[in-house]
Amino acid sequence: MTDISPSEKDIRTFQQKIFQFYKENKRDLPWRKTTDSYKILVSEFMLQQTQVSRVIEYYTRWMNAWPTVKSLAIESYKKVLNAWMGLGYNRRAMYLHNTTKVIVDEFHGDVLTAVKHYEKLPGIGLYTSKAIQIFADNADIATVDTNIRRIFISEFDLDESISDKDLFTLAKQCLPSGKSRDWHNALMDYGALHLTSRKTGIKPKTQQSNFQGSDRQIRGRILRLLLKEDQSAYQLQKELKVESERLSKILNKMVDEKTVGKTNKNYHVPH
DNA sequence: ATCCTGGCTT
DNA sequence: AAGCCTGGAT
């Protein structure tokens, strides 16, 4: 672990630059108009590895359909998945649905208390837990996503191999107390609008494999078919024109994850 | 071809 | 530590 502590003066200059940019370029996003912890929770799930521009319409439709934790928790999984389709990483729909059930059943519907015990909530890791506390409650804690990581590396001229631990130490040093929500929103905007990955050449921490021709693409097509009606592996194979061995491998994995169910020969979207 | 407010499993 | 998970925009 190397000492990467900037001086007090460096930090203050950095903060002023970020806040000045925010003042002039702030994005007007739907989930920034609320501090409802459930709504923040949904937005954070949707935003995991997914661009803001693609989330906006899904978020808006979602809140019209399910405005509270409980309304989502008691909904059928099929309807939840149907509303998610097109956003990508469809496991998140199941995680989100199951997470709201745990929040209602074990935490009396109290999102902010629940996310502090995020090990019990599928789909919520350290980043998302902190992000929800920050954006819903203005909690005086720091979190680092792909945007914020890129800003720190560029701003303080760090090596791209810097550890999460060192990044987090730096993030805490830079956090202006009492302004956590504004600060993190400002950092996100600075990273997404100005200090982009393309512009800086700084690669994201987690690389994604190609989509065309991938198993992921086939999984998405499988779910779309199963949302219409239950189908056998043979019917799916005819529709998708994938080698049967590859298809059954994918189907087995999806059954294993419980993203699809199987009764006798037929596959279906779980209830 | 590469990116996107990560998390889970092995 | 590394592979896997969706789909659209640039």
Side-chain angles (χ1 to χ4, degrees), chain A residues 22 27 29-32 39-59 81-96 98-99 115 118-136 142-152 161 163-164 167-168 171 180-224 227 246 249-254 256-260:
Chain A
Y22 189 51
R27 287 180 294 180
L29 305 173
W31 47 90
R32 288 183 179 176
K39 296 182 178 180
I40 301 296
L41 169 83
V42 173
S43 75
E44 290 300 332
F45 260 94
M46 291 181 168
L47 288 160
Q48 288 171 2
Q49 298 286 284
T50 307
Q51 293 96 328
V52 164
S53 59
R54 296 188 46 231
V55 168
I56 292 175
E57 55 179 315
Y58 281 85
Y59 173 88
L81 178 62
N82 197 56
W84 192 276
M85 286 309 292
L87 250 189
Y89 293 108
N90 298 310
R91 283 190 300 191
R92 290 182 297 172
M94 184 178 68
Y95 290 152
L96 172 57
N98 288 339
T99 276
V115 296
Y118 67 91
E119 324 78 39
K120 293 191 167 187
L121 307 178
I124 298 190
L126 187 56
Y127 164 75
T128 303
S129 169
K130 286 181 179 169
I132 293 168
Q133 295 175 62
I134 289 163
F135 296 124
T143 198
V144 180
D145 77 313
T146 187
N147 280 308
I148 298 175
R149 170 179 172 275
R150 186 174 60 250
I151 294 170
F152 284 144
S161 63
S163 69
D164 287 347
L167 267 178
F168 183 62
S180 183
R181 175 172 22 221
D182 281 345
W183 173 242
H184 285 89
N185 277 331
L187 284 173
M188 299 280 190
D189 285 358
Y190 192 74
L193 302 175
H194 179 61
L195 216 56
T196 60
S197 179
R198 201 172 294 274
K199 205 178 291 184
T200 60
I202 297 172
K203 296 215 182 311
K205 197 177 58 179
T206 59
Q207 303 274 22
Q208 296 173 359
S209 52
N210 286 334
F211 178 63
Q212 282 301 326
S214 70
D215 284 0
R216 293 184 332 215
Q217 185 176 36
I218 295 169
R219 287 167 59 108
R221 290 160 65 193
I222 289 172
L223 284 182
R224 285 186 192 283
L227 276 169
R246 183 181 183 192
K249 244 183 185 176
I250 294 172
L251 284 170
N252 284 337
K253 190 168 185 177
M254 295 178 83
D256 218 45
E257 298 167 349
K258 302 186 190 308
T259 44
V260 308

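The figures that follow rest on heavy atoms only: side chains count, while hydrogens, waters and symmetry mates do not. Each chain gets a letter, A, B and so on, in the order its sequence line appears, and its residues count up from 1. Here the structure is a predicted model, which is why all the values come from computation and not from measurement.
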(message) Within residues 44-51 of chain A, which residues have any heavy atom lying less than 4.0 Å from an atom of DNA chain B?
(response) A:Glu44, A:Leu47, A:Gln48, A:Gln49, A:Thr50, A:Gln51
(message) Using a strict heavy-atom distance below 4.0 Å, which residues from residues 122-134 of chain A are in contact with DNA chain B?
(response) A:Pro122, A:Gly123, A:Ile124, A:Gly125, A:Tyr127, A:Thr128
Partners passing side chain to side chain donor-acceptor pair (under 3.5 Å) against [X] (at least two apart in sequence or in another chain):
{"X": "A:Arg149", "result": "none"}
{"X": "A:Ser197", "result": "none"}
{"X": "A:Arg246", "result": "A:Asp215"}

(message) Could you work out, with ring-ring contact (aromatic ring centres under 6.0 Å, His included) as the rule, every residue matching A:Phe135, not counting sequence neighbours?
(response) none
(request) Could you pull out all residues at least two apart from A:Trp31 that satisfy ring-ring contact (aromatic ring centres under 6.0 Å, His included)? (result) A:Tyr59
Name every donor-acceptor pair, under 3.5 Å, that has one atom in a side chain of residues 81-92 of chain A and the other anywhere in the protein, sequence neighbours excluded.
from    : atom 1 : to       : atom 2 : distance (Å)
A:Trp84 : NE1    : A:Gly88  : O      : 3.0
A:Tyr89 : OH     : A:Gln208 : NE2    : 3.1
A:Arg91 : NH1    : A:Glu257 : OE2    : 3.4
A:Arg92 : NE     : A:Tyr89  : O      : 3.4
A:Arg92 : NH1    : A:Phe45  : O      : 3.0
A:Arg92 : NH1    : A:Met46  : O      : 2.9
A:Arg92 : NH1    : A:Gln48  : O      : 2.8
A:Arg92 : NH1    : A:Thr50  : OG1    : 3.1
A:Arg92 : NH2    : A:Thr50  : OG1    : 3.2
A:Arg92 : NH2    : A:Gly88  : O      : 2.8

(message) Test: salt bridge (Lys or Arg N to Asp or Glu O under 4.0 Å). Region: residues 189-203 of chain A. Which pairs qualify, not counting sequence neighbours?
(response) A:Arg27-A:Asp189, A:Arg32-A:Asp189
(message) At a heavy-atom distance below 4.0 Å, what parts of residues 82-91 of chain A sit against DNA chain C?
(response) A:Met85, A:Gly86, A:Leu87, A:Gly88, A:Tyr89, A:Asn90, A:Arg91
(request) Could you pull out all residues at least two apart from A:Lys253 that satisfy salt bridge (charged side-chain N to carboxylate O under 4.0 Å, His left out)? (result) none
(request) List in chain and number order the residues that pass salt bridge (charged side-chain N to carboxylate O under 4.0 Å, His left out) with A:Asp164, two or more places apart in sequence or in another chain; answer none if no residue qualifies. (result) A:Lys205
